[in-house]
Amino acid sequence: MSTRLPPGPSTPALVQTLRYWNDPEDYVRRCRAEYGTRFTVRVWPFGTIVFLADRDDVKALVRADPAVFQAGKANSFGDVVLGRRSVFVTDDAEHARSRALMMPAFHGKAVRDQVGLMREITAANLAEWPVGEPVRALPAMQAISLEVISRNVMGIDDVVLKERVQRSVLRLLYSGSWFDALPGQVRFARHPARLRRKRMRASTDALLGEQIAAHRRDPRLDERTDVLSMLLRADVEDGPMSDEEIHDQLVTLLLAGHETTATGLAWCLERLVRHPEVLARARAAADSGDDTYLDAVVKEALRSRPVVPEIGRKLSRDAEFAGYRMPAGTNLWPSIDLLHRSAQSFPEPEGFRPERFLEKGAVADWVPFGIGNRRCLGATFAQVESRVVLRELLRRFEFETTDAPGEAAVRRHVTLVPDQAATVVVRRLRGAA
Ligand code: HEM
């Protein structure tokens, strides 16, 4: 058992930090090329990070004890916005309990029941798309996914209230600063960035509070299928969920549930207009109701342009992993980006070939939604929504193809978005709409 960590750059931590933040994906790929599928870097504000890009290491992490390999601790940067009770930042029993309470709303049948609504919302949002002019697909997809998730999570029908909640969520999401990444920033109670965040969270909470009260008054609460109603009805051993906890889970679902899906859809369009043959096949699939091919397009977009480039676990105590004795506090980051670029798992990894998902046994390292007991709660929801939106787009519009270079992937919060917001042009409307 080695007491050292896996190899990595020997340059000072400051140099590694500057190189990493200048272009995280480029730095991580260079390290992969130089040190192999397991390497250590030192980056402020995280500290020691061991990147993992080997399928067996990732499998071992799935089996590892979640009380030692903690995801909540690794995600603790999120508590400024999401709140300290959020399923994203908690560990152990508290995490398991909130996850179990919300899970039923995101299972296959519950998600299939949402398809009609997803289609309706998409159709209304696409009605105004211009012909012959560039459209920035990312914000357009975001409008759709925010509406879909807010209907699913909160079941809001009131148009004015719905818009107020959506505006508030967007403000909360886009008001971040470098301060958010500072470890232990909760200690800087009077820092202007923290105070601004707190004000925004308070105004979102006030709106959510109105909604919670309205649900509690609703005589049909027992019949409602939205997540909020499920959380209000939940009768758990240690009493009902507190309002604080409900607020934190709602904000988490509203934020985690819309930006990611919208980004995946934007990448789908960005890739399709650069691959005319795939676009033609996808259009035919949309017309004939061939969901399998559309699902493969969504999967290949998430493979070749992962929305979330890596996931995190943090050691709560010294532990053995992959033949190393790692000290408490070490971060382990399986790199989705590197796993998806492995030529061994995905021949011609730079290509865009949905067919690989129709072939047998090709997807061992496909992990866009993370792994194990922390795998994305909304994975099925996101894939079904993406298929529904993509089908509507392809049935309504004929897109211009392009041989322009692909858009670059740039960081926005924890996601990698296309730098031109996936700009596409509708050549003409199709009869199918
Ligand atoms: C294409 C869309 C999406 C992508 C790529 C994505 C990706 C991810 C990833 C990588 C994680 C971390 C998993 C890990 O640490 O192993 C995660 C967690 C999570 N996601 Fe998603 N997500 C998407 C859509 C959604 C949607 C639609 C929802 C809500 C309906 C959602 C809710 C969550 C929640 C609550 C967690 C925390 C789970 C936990 O810690 O137990 N996500 N997601």
Side-chain angles (χ1 to χ4, degrees), residues 52 58 61-62 64 66 69-76 78-79 82-83 85-92 94-107 110-111 114 118 141-142 144-154 169 226-228 230-231 248-268 295 298-299 301-314 331-337 339-340 366-390 413-417:
L52 303 174
V58 175
L61 201 53
V62 172
F69 294 77
Q70 293 184 310
K73 284 287 177 305
N75 295 339
S76 65
D79 68 6
L82 306 177
R85 309 294 305 273
S86 159
V87 66
F88 191 64
V89 303
T90 50
D91 283 301
D92 307 323
E94 178 167 3
H95 167 260
R97 184 184 87 123
S98 3
R99 201 175 152 98
L101 284 176
M102 293 189 282
M103 199 56 128
F106 297 103
H107 270 154
V111 174
Q114 304 282 319
M118 289 173 177
M141 294 301 105
Q142 222 172 340
I144 295 174
S145 61
L146 182 54
E147 175 131 20
V148 167
I149 193 73
S150 47
R151 289 284 283 272
N152 174 260
V153 169
M154 317 253 295
V169 166
D226 52 88
V227 181
L228 172 53
M230 283 176 40
L231 296 182
D248 289 356
Q249 309 308 0
L250 293 181
V251 170
T252 301
L253 293 175
L254 290 170
L255 294 186
H258 90 275
E259 206 200 6
T260 44
T261 311
T263 304
L265 274 162
W267 278 121
C268 266
D295 286 345
V298 170
K299 284 184 168 157
L302 288 171
R303 182 204 63 83
S304 61
R305 294 293 184 273
V307 172
V308 181
E310 70 263 317
I311 54 176
R313 304 292 183 260
K314 190 171 186 143
N331 292 285
L332 284 152
W333 286 12
S335 168
I336 298 174
D337 182 62
L339 287 158
H340 285 191
W366 187 74
V367 285
F369 295 103
I371 55 170
N373 72 328
R374 307 300 292 231
R375 185 170 186 268
C376 176
L377 203 67
T380 304
F381 190 85
Q383 287 176 93
V384 170
E385 179 180 344
S386 302
R387 179 213 302 152
V388 170
V389 176
L390 187 60
H413 315 296
V414 294
T415 56
L416 282 177
V417 301

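On a predicted model such as this, the values are computed, not experimentally measured, just so you know. Indexing begins at 1, ligand by ligand and atom by atom, following the structure's order.
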Please classify the Ala71 to ligand 1 contact at 4.0 Å (heavy-atom distances, strictly less than): side chain, backbone, both or neither.
neither

Where's the contact between Glu259 and ligand 1, heavy-atom distance under 4.0 Å: side chain, backbone, both or neither?
neither

Please report the interatomic distance [atom1]([X]) to [atom2]([Y]), rounded to the nearest 0.5 Å.
X      : Y      : atom1 : atom2 : answer
Lys314 : Trp333 : NZ    : CH2   : 9.5 Å
Arg305 : Leu416 : CZ    : CG    : 10.0 Å
Met141 : Leu146 : CE    : CG    : 13.5 Å
Arg313 : Asn75  : CZ    : CG    : 7.5 Å
Arg99  : Glu94  : CZ    : CD    : 14.5 Å
Gln383 : Thr261 : CD    : OG1   : 10.0 Å

Mind checking whether [X] and [Y] have side chains closer than 4.5 Å, heavy atoms only?
X      : Y      : answer
Asn373 : His95  : yes
Ser150 : Leu254 : yes
Leu265 : Ser145 : no
Leu253 : Leu377 : yes

Give the numbers and elements of all ligand 1 atoms closer than 4.0 Å to a heavy atom of [X].
X      : result
Arg99  : 38 (C), 39 (C), 41 (O)
Phe106 : 30 (C)
Ile149 : 30 (C)
Phe88  : 37 (C)
Pro368 : 5 (C), 7 (C), 10 (C)
His95  : 39 (C), 40 (O), 41 (O)
Val87  : 35 (C), 40 (O)

Nearest protein heavy atom to [atom], by residue and atom, and its distance?
atom                    : answer
atom 36 (C) of ligand 1 : Leu377 N, 4.2 Å
atom 32 (C) of ligand 1 : Ala256 CB, 3.8 Å
atom 29 (C) of ligand 1 : Gly257 CA, 3.7 Å
atom 13 (C) of ligand 1 : Arg374 O, 3.1 Å
atom 24 (C) of ligand 1 : Thr260 OG1, 3.2 Å
atom 6 (C) of ligand 1  : Phe369 CD2, 3.7 Å
atom 12 (C) of ligand 1 : Ile311 CG2, 3.9 Å

Using only atom types and a distance under 3.5 Å, with no angle test, would you say the side chain of [X] pairs donor to acceptor with the backbone of [Y]?
X      : Y      : answer
Arg303 : His340 : yes
Arg374 : Phe88  : yes
Asn331 : Gly312 : no

N or O pair under 3.5 Å between [X] and ligand 1:
X      : answer
Arg313 : yes
Thr252 : no
Thr261 : no
Ile371 : yes

Closest candidate by heavy atom, reference atom 33 (C) of ligand 1, pool Gly370, Cys376, Gly264
Cys376

